Amino acid sequence: MERQSISNQFIYGGDYNSEQWLDRPDILARDLEMMQKARINTVTLGVFSWSTLEPEEGVFRLEWLKEMVDNLYAHGIRVILATPSGARPRWLAEKYPEVLRVRENRVRSLYGERHNHCYTSPVYRQKVRIINQKLAQTFKDHPAVILWHISNEYSGECHCPLCQAAFRRWLKQRYQTIDALNHAWWTTFWSHTYTSFDQVESPSTLGDSGLHGLSLDWMRFVTAQTTDFMCEEIRALRQAGATQPVTTNFMEDYIGLNYYELAREIDVVSWDSYPLWRYQSDSRTALNTGMQHDMMRTMKHAPFLLMESSPSSLNWQPVSKLKKPGLLLNASLHAVAHGADSVQYFQIRQGRGGFEKFHGAVIDHYGGEDTRVFREATQTGQALQALACVAGSQVSAQAAVLWDTESRWAMERARGPRNEGLFYHEAVFKSYQALRKCRLNVDLVQVEQPLDGYRLVVVPMLYMFRAGIEERLRQFVQNGGTLVMTYWSGIVNESDLCHLGGTPHGLTDLLGLRSEEIDALCTGEVHHFTAGPGAPLYTCRNLCDLVRLQGAQPLMTYTDDFYKGYPALTVHSYGKGTAYYLCTDAEEAFYNDFYREMVSRTDLSPILPHLPEGLEVSSRQDPENEYIFVQNFTDEAIALPAPADAALLFGDFSEGKVQGCSTVVFRQKRS
Ligand code: GAL
């Protein structure tokens with residue numbers, strides 16, 4: 001395990017919107033002192049600074065930023081420098097209306113908000129290139145600048161004539177002939193046959209929104225166009241001589257883009273994490289957030305950056321709850337436990353006006369150090385210093401859950417088998433959370449990523465088989481791996497055309513069964529399944545796959561309706577491995593029991609032999625050590641058998657307990 005990091009310590013800081021305070025040098029000076037006190041070592045500058053950097057077309061004012069960067073550096077604070085394309089100046093939209101987005105109803109947006117720009121517009125690309133190059137020329141050799149933050153949370157789509165033309169070019173490149181496109185999109189249906197690429201229009205509720213091949217390719221195009229735009233931003237920096245690594249900040253499992261595609265083009269993955277703490281049990285919120293962290297880490301199998309999080313409350317959710325005492329540190333270390341090499345906030349200082357004036361910040365409107373949030377932010381900074389040896393270490397996982405954005409796009413747009421929701425995210429989460437409760441690190445792999453090295457691969461609702469995934473799953477099981485596949489897998493090919501000849505496509509022999517029919521339950525309707533009399537009876541919802549066995553053994557069967565007695569869970573040996581098939585959307589208790597038993601019977605080796613209810617465990621490794629993070633998101637102290645041969649590296653472990661809402665970290669020498 002190599003150490004891989006852009007820094008030999010944790011990056012600690014966040015977005016510092018200093019352009020809002022240029023008329024208050026007293027405040028800017030005070031901020032520096034407070035940042036030092038809080039142990040902040042890095043800030044992100046310039047995310048929304050374009051109109052301050054270029055107040056008029058071609059008139060550049062970078063001196064204030066240069067002074068700011070110099071000053072920060074003199075105070076021992078480094079900089080992540082953003083390109084400002086996330087929000088454009090008013091003059092730009094006024095002079096060149098083509099930079100504004102056209103919505104799916106073909107109406108162009110007015111100037112306003114942010115992220116409201118066309119990724120195809122040559123003018124927008126040119127203006128972004130110019131400002132990026134100015135920034136790169138000024139900061140390429142600045143020792144403070146450690147990373148470029150490309151734009152902000154790329155998202156959304158534009159349906160303007162320029163994007164339509166680009167979409168047609170993209171399709172021509174993909175299909176070469178209109179006949180190939182017609183076949184892939186099955187356009188004979190409802191007489192939608194195209195005779196020329198020029199007839200293609202992006203999906204719209206005014207036109208085609210039910211041509212699934214079109215919708216799927218549009219989502220792919222939006223990802224490709226956004227990626228292309230991002231690459232052009234990066235190229236501008238490189239051409240001007242900047243050599244620092246680049247990142248762009250992602251948002252959870254945002255469905256509008258296939259992040260795995262963007263991740264290929266950047267050096268470090270980063271994301272903005274805003275969980276709804278204190279809405280439900282924080283232990284559950286932590287599990288959900290952990291899945292997002294793991295997804296970000298798996299994109300590059302390397303430490304990621306927590307680019308944004310709130311030091312206290314948010315302001316854009318229905319109600320803005322505060323983080324209770326201790327939660328800031330606990331949630332920050334949770335990101336670290338899952339592989340983050342940074343803890344960063346939105347925002348360092350709270351603005352006085354605008355949309356985010358009530359969003360939490362390290363320094364609030366009061367402006368003093370004697371606040372709970374500032375105190376806790378300082379403790380978090382101190383904790384990261386104490387844990388510096390962990391920065392750059394890796395996470396190694398024996399279990400992987402497959403996540404596929406393209407399958408999700410396709411299945412959620414399809415009509416049938418359940419238009420009231422298929423619950424893809426939930427299906428992935430159910431397996432994920434159960435594996436985490438089994439004390440395992442878990443990767444969230446995408447279909448293109450290698451599977452060797454894992455002992456268990458879980459494939460929930462992989463509706464679309466593409467990129468040769470069937471063959472790789474076959475090899476995986478053949479070589480001794482354990483596969484768990486669920487209902488609604490292997491239904492369509494990469495064009496969203498249904499596979500002929502039986503599903504899950506290409507794997508019926510491996511699974512020892514064929515899916516014959518799938519029943520959908522109404523919302524609220526519940527069925528059951530069990531291993532037999534005396535065994536637990538589990539509930540299931542939404543979808544019930546009716547399979548015909550062709551060699552697999554039924555382990556559990558349905559107990560309701562006309563398919564009472566049909567298999568609900570099966571197992572089949574193949575090569576040196578084993579393949580399970582789960583036919584239905586089971587309740588969480590099933591997953592917990594199923595994986596618990598699997599772990600006790602297979603070569604999966606959990607991080608700890610035992611973990612009391614209410615605790616979470618994760619681990620990171622470097623060549624010499626394993627760092628074991630045990631986290632408690634409940635309010636009660638929980639006793640924990642100390643890991644054998646491990647020394648306490650961090651946290652309050654008095655009386656052998658992990659205190660309520662806290663983290664302990666152990667260091668264990670690797671053998
Ligand atoms: C993020 C965004 C930040 C800020 C933050 C507030 O999505 O990147 O600029 O708006 O949300 O929570």
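Along the sequence shown, residues carry numbers from 1. Just so it is clear, the model here is predicted, and its values are computed rather than measured. Remember, it's 1-based here, ligands and their atoms both numbered in the order they're listed.
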**Student:** Please output the residues near ligand 1 using a strict heavy-atom distance under 4.0 Å, listed in chain and residue-number order.
**Tutor:** Phe48, Arg114, Asn152, Glu153, Asp272, Tyr274, Glu308, Trp316, Phe346, Glu356, His359

**Student:** Do the side-chain N and O atoms of Tyr274 and Glu308 include a donor-acceptor pair separated by under 3.5 angstrom?
**Tutor:** yes

**Student:** With a 3.5 Å cut-off and no angle check, do the side chains of Asn249 and Tyr154 form a donor-acceptor pair?
**Tutor:** no

**Student:** More than 12 heavy atoms of other residues, nucleotides or ligands under 6.0 Å from CZ of Arg372: yes or no?
**Tutor:** yes

**Student:** Is the Tyr73 ring parallel, tilted or perpendicular to the His142 ring (thresholds 30°, 60°)?
**Tutor:** perpendicular

**Student:** Does either side chain, that of Tyr16 or that of Asp31, offer a donor lying less than 3.5 Å from an acceptor on the other one?
**Tutor:** yes

**Student:** Between Glu153 and Ser155, is there a side-chain donor-acceptor contact under 3.5 Å, judged purely by atom types and distance?
**Tutor:** no

